[in-house]
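All values below come from the heavy atoms of this structure, side chains included, with hydrogens, waters and symmetry mates left out. In what follows, every chain begins at residue 1, and chains take the letters A, B, ... in the order their sequences are listed.
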There are 2 protein chains.
Amino acid sequence: MSKLDKQSGKKPDKQLDRKVDKMKQDYSIRELAKEFDVTTRTLRFYEEKGLLNPSRSGQTRVYTMADRTRLKLILRGKRLGLSLDESAEIILMYDPVGTNSKQILSLIDKIQDKRLQLEQQQKDLELTLLDLEAAEQRCSESLSRIH
Amino acid sequence: MSKLDKQSGKKPDKQLDRKVDKMKQDYSIRELAKEFDVTTRTLRFYEEKGLLNPSRSGQTRVYTMADRTRLKLILRGKRLGLSLDESAEIILMYDPVGTNSKQILSLIDKIQDKRLQLEQQQKDLELTLLDLEAAEQRCSESLSRIH
DNA sequence: AATTACGTTTACGTTAACGTCAACTTTAAA
DNA sequence: TTTAAAGTTGACGTTAACGTAAACGTAATT
């Protein structure tokens, strides 16, 4: 029996289970933490910062698919070296917050800025990879000379 | 008159100026800071951490071309989201520190690790760029609908 | 002689992103 | 019913990467 069942009740409800298992809907804080290899403290912290906002069942947090997705984006951002605020900004870019054309235009500007920054990162990445390849090459040559 | 001239003396020394301007050799802390848009505090901090080690003229720091290069690499690392320690590690990978094959093999391992990490970053970068492009697209469509 | 410009060291302050208790509640199991 | 497991909210601690300020030296300019 899955943890989800544990949460929603003891005996699985056949009525609801019929076609609704198309995708896991809700997650406990532990589940999510485990899946993404972060601590629960981290998840609470992200919530405190407004990056996640799970609903509550009593006072217990219940994470939805949307939260999971945002968490994924945050962690992706981290791997890129972005700060939480930067990731938050980017996530906001993904869904249309502004409704009037002035806001949309400003959003487009911000998107362009980020793109430029990320493209610079791409260049830096490639340079670094090239350097590493060269270093590896030299190592190999050293080895063959030793042998 | 360049700052270099200021440093070496008031009147440019014809003797030394003859062919020695093939490349700027030394930099004051201000020059380097200005060129890379960091503060002098930052340069001293990097030195404290062992990332740079300028020679001294009296107690005044004199940065060489080697320092400049390392600084460049450090800042490149920063743009990738690397910590100073990580950048330091990478820089160490660039020149052969170990002489025996065991050390070299371990270095190769570390290089591979970094490469894997950076390649993961590349993937994340591309995904993020794709997301941003899509977001930009949606913005444009919103605009055209408004118009 | 006094100011200005650049350099130095020492040391405390700051922000981000959590870690690490502590003290407590609620639910599930033995 | 006691215990164990997972949840909660504070609140203080920690590390990295500098910022900022104090107190001082030196050298050139006014």
K.L.:
Might you confirm whether atom CG of B:Asp37 has over 12 heavy atoms from other residues, nucleotides or ligands at distances under 6.0 Å?
P.N.:
no
K.L.:
Ignoring hydrogens and geometry, is there a side-chain-to-backbone donor-acceptor pair from A:Ser106 to A:Lys102 under 3.5 Å?
P.N.:
no
K.L.:
How many angstroms lie between atom OH of B:Tyr63 and atom CG of B:Leu71, to the nearest 0.5 angstrom?
P.N.:
9.0 Å
K.L.:
Given atom CD1 of A:Ile74 and atom P of C:dA17, what is their separation to the nearest angstrom?
P.N.:
11 Å
K.L.:
What's the CG-P distance between B:Leu43 and C:dC6, to the nearest Å?
P.N.:
15 Å
K.L.:
Check whether any side-chain nitrogen or oxygen of A:Tyr46 sits under 4.0 Å from OP1 or OP2 of C:dC18, and answer yes or no.
P.N.:
yes
K.L.:
Taking only side-chain N and O atoms of B:Lys78, does any of them lie within less than 4.0 angstrom of OP1 or OP2 on D:dC18?
P.N.:
yes
K.L.:
From the options D:dA17, C:dT8, D:dA6, select the nucleotide whose nearest atom is closest to the side chain of A:Arg30.
P.N.:
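Of all the options, the side chain of A:Arg30 is nearest to D:dA6.
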K.L.:
From D:dC18, C:dC18, D:dT8, pick the nucleotide closest to the side chain of A:Ile29?
P.N.:
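Closest of the options to the side chain of A:Ile29: D:dT8.
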K.L.:
On DNA chain D, nearest-nucleotide positions of B:Phe45 versus A:Arg44: which is more 5'?
P.N.:
A:Arg44
K.L.:
Return the value, rounded to whole Å, for the distance between atom CG of B:Asp85 and atom C1' of D:dA17.
P.N.:
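Interatomic distance, CG of B:Asp85 to C1' of D:dA17: 11 Å.
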K.L.:
Is any side-chain N or O of A:Arg41 under 3.5 Å from a base N or O of C:dT20, one able to act as donor and the other as acceptor?
P.N.:
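Yes, the side chain and the base share a sub-3.5 Å donor-acceptor pair.
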K.L.:
In terms of the nearest nucleotide of DNA chain C, which residue is placed more toward the 5' end: B:Glu48 or B:Thr40?
P.N.:
B:Thr40
K.L.:
Output yes when at least one side-chain N/O atom of A:Ser28 is less than 4.0 Å from OP1 or OP2 of D:dG7, else no.
P.N.:
yes
K.L.:
For A:Thr39, which contact category applies under a 4.0 Å heavy-atom criterion: base, sugar-phosphate, or nothing?
P.N.:
sugar-phosphate
K.L.:
Between A:Thr42 and C:dG19, does any side-chain N or O lie under 4.0 Å from OP1 or OP2?
P.N.:
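Yes.
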K.L.:
If each of A:Lys49 and A:Gln59 is mapped to the nucleotide of DNA chain C with the nearest heavy atom, which maps nearer the 5' terminus, i.e. the 5' end?
P.N.:
A:Lys49
